[in-house]
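Data first, discussion second: the structure below is written as structure tokens.
Chain naming here is simple, since letters A, B, ... match the order of the sequence lines and numbering starts at 1 in each.
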Amino acid sequence: MHNLPRAEVRNLLNRIANRDDQASRRLYSVYQPQLFAYVRYRVWSDMSAEEITMDSLFIAFNKPAAYNGLSEFSTWLCGIANNRIRQWRRDMATELETEELTAAIADNHGDLDWNVLTGIEQDEATQAILLCIDKLPASQREAIYRTAVEEEGLAEASRDMEVPEGTLKSRLFHARQRIRDCLARAFGPDYLGGNRG
Amino acid sequence: MADYTDDDRLRLRELLPFYLNRTLDPAMHQEVEAWLAHDANGRQELQFLQAVTTAARQRVAERAPLAGYEVLAARLEASRPPASAWWQRWWQGLAGARWASVGALGVALIAVQMGWNVYRLDQQTPTVSYRGTAAQPVRAADLKLVVRRDARFADLAELLVQNRCHIVWGPSVSGELWIALDEPGSAEPVRARLAASPLVEDVLLVRR
């Protein structure tokens, strides 16, 4: 994530403690989109992501003295968001995700037809891909977020996700296959193999 | 043309996300590039991955920086106590200051006060102020003068000035004045001159 210098963040938080609206706007505009993206790749609905992002920022802005400046502000914010996400998952309790299950479903290393998006309008394809991403297990969504959005390297992403590099590569590979299968289902079997009449 | 085993291809396919975000080291980057040049299916998979990456980034790019800010601002406002009066803010500011700065302020005030005291001491005056009037130090009398009952005060004042005499006490009910001289050593000649005056009944030297 893009971070402001810590001294500037502390200064803005001090001003927020004194009800400075300009400071609130500044800090919010820098961190809100990034935090929303971080949260959105961990929960599968816009509304829930919206709610968790807002709650996390509210906690941060309401107790600005709690940030001690020892870590980046984004790390601190994500820590708050992670607590809320865990709570949300406990409340939802719907997602089954184990590496074994993931591997069993999508353990196909053979040649696949990746030509599933040909002939589909870009906007339509993008919306379909996002829907398919939302159907992935949280660990695979986070892997996509780390590499595609945050553009983290293999070592950095596996460190941040606290998994071995091989596991991360495997998650990304399986995620790709699942998205492809999801799109094939969404657009029908005729769209596979370039047969789009 | 290089031959790739299934294991090679699997290893290279797993590196595609990092090839795409340009975080592979140059040697691996080159290796993936060489494989892509050779494998049409690999290129299709890369193209598909590009579409996924573009979609994933779009979710972030489309987010307005201040989306939802008004909701947060309203929640913050509702959670805060009402704004305090200026004197409360002043007191909170003072209470929030570190003790070191409060101590430094105290030391500075004491220093200013001491400087003022020293300045005032340097300007010490010979007079002693007492309820707005300047009290002259009382000198000891050299002579006691008994004035005739019919003596006019104006004449008496002229006589005292001529002989450089000052009244330091009196007159008493019996018409006595206690006189100090500018030159106490000349008490006897002055006593003689005063005694010779028709205004004076008697003059006595005051023994010290």
For the residue pair A:Gln87 and A:Arg90, confirm or rule out a side-chain donor-acceptor distance under 3.5 Å. yes

Are A:Tyr38 and A:Asn82 close enough that a side-chain donor and a side-chain acceptor fall under 3.5 Å? yes

Is the shortest side-chain N to carboxylate O distance from B:Arg75 to A:Asp55 below 4.0 Å? yes

What part of A:Leu168 is in contact with chain B, defined as an atom under 4.5 angstrom from a non-hydrogen atom: side chain, backbone, both or neither? side chain

Just so I know, are the side chains of A:Glu72 and A:Val9 near enough to count as touching, which here means a heavy-atom distance under 4.5 Å? no

Ranking A:Ser24, A:Ala37, A:Ser29 by heavy-atom pairs under 4.5 Å to chain B gives rank one to A:Ser29

With chain B, the option among A:Glu156, A:Gln34, A:Lys169, A:Glu50 that has the most non-hydrogen atom pairs under 4.5 Å is A:Lys169

Does the side chain of B:Ser79 come under 3.5 Å of the side chain of A:Asn62 through a donor N or O and an acceptor N or O? yes

Only pairs of heavy atoms separated by less than 4.5 Å count here; which of A:Tyr41, A:Tyr145, A:Tyr31, A:Phe61 has the most with chain B? A:Tyr41

Quick one: of A:Leu57, A:Leu154, A:Ile144, who has the most non-hydrogen atom pairs under 4.5 Å with chain B? A:Leu154

With the threshold set at 4.0 Å, does a side-chain nitrogen-carboxylate oxygen contact exist between B:Glu31 and B:Arg11? yes

Looking at B:Gly68, B:Ala73, B:Pro17, which one has more heavy-atom pairs under 4.5 Å with chain A than the rest? B:Gly68

Go through the atoms of B:Glu70 and report whether side chain, backbone, both or neither lie under 4.5 Å from a heavy atom of chain A. side chain

Part of A:Leu172 lying under 4.5 Å from any heavy atom of chain B: side chain

Plane angle bin for B:Tyr69 and A:Tyr28 - parallel if under 30°, tilted between 30 and 60°, otherwise perpendicular: perpendicular

If you tally heavy-atom pairs under 4.5 Å against chain A, which of B:Thr53, B:Thr23, B:Val71, B:Leu46 wins? B:Thr23

